[in-house]
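Along the sequence shown, residues are numbered consecutively beginning with 1.
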Amino acid sequence: MNDNTKVVVALLAGLAAGAALGILFAPEKGTEIRDKLSESLANLGDSLKETAANEIDKLVGLKDKVVDNIKTKVKGAEAEYQDDLEHA
């Protein structure tokens with residue numbers, strides 16, 4: 001994970017913790033508090049899943065670029081080797 005992703009995850013975790021504490025100390029019925037807490041945690045889970053999916057997509061793209069780069073270099077080396085064999 002890069003630094004920006006770490007900051008976003010930390011921010012989301014902090015927001016969830018703050019929301020949970022705010023709900024727990026609010027003067028409401030227990031069922032209402034549990035419902036709000038459940039909703040907040042579900043939203044946090046969705047945000048984390050989305051962030052993870054985005055990071056996975058970035059990694060897949062990076063992997064594809066690296067593989068393509070390696071294939072290009074191998075093909076170039078093979079062509080150079082073939083040229084050397086033909087001229088030897």
Side-chain angles (χ1 to χ4, degrees):
M1 264 196 287
N2 63 26
D3 290 337
N4 292 337
T5 304
K6 290 178 184 178
V7 169
V8 170
V9 170
L11 178 65
L12 291 173
L15 287 172
L21 287 173
I23 290 171
L24 290 174
F25 288 108
E28 296 179 6
K29 291 183 179 179
T31 55
E32 291 175 9
I33 291 173
R34 284 190 297 274
D35 289 342
K36 286 183 180 181
L37 185 57
S38 176
E39 183 180 335
S40 294
L41 291 175
N43 290 339
L44 175 63
D46 292 341
S47 296
L48 290 175
K49 286 178 188 176
E50 185 177 322
T51 301
N54 289 337
E55 289 301 313
I56 288 170
D57 289 342
K58 288 179 185 178
L59 287 174
V60 167
L62 178 62
K63 178 208 55 125
D64 291 341
K65 286 180 183 179
V66 169
V67 168
D68 289 343
N69 191 2
I70 290 171
K71 285 181 181 179
T72 301
K73 288 184 180 186
V74 167
K75 286 180 184 178
E78 286 176 348
E80 187 176 320
Y81 178 73
Q82 288 297 327
D83 287 344
D84 288 345
L85 284 179
E86 289 174 4
H87 293 99

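Judged as a side chain to side chain contact (heavy atoms under 4.5 Å, CB included), and not counting sequence neighbours, the contacts of Ile56 are Val60.
The residues Lys58 and Glu55 are annotated as salt-bridged, a charged nitrogen and a carboxylate oxygen being separated by less than 4.0 angstrom.
Separating the CG atom in Leu12 from the CG atom in Asn43 is a distance of 10.5 Å, to the nearest 0.5 Å. Atoms CG and CG, from Leu62 and Asp57 in turn, are 12.5 Å apart once rounded to the nearest 0.5 Å.
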Pair up each side-chain donor or acceptor in residues 64-71 with any protein partner under 3.5 Å, not counting sequence neighbours, and list the distances.
none

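The two atoms that bring Leu44 and Ala16 nearest to each other are CD2-CB, 3.3 Å, heavy atoms only.
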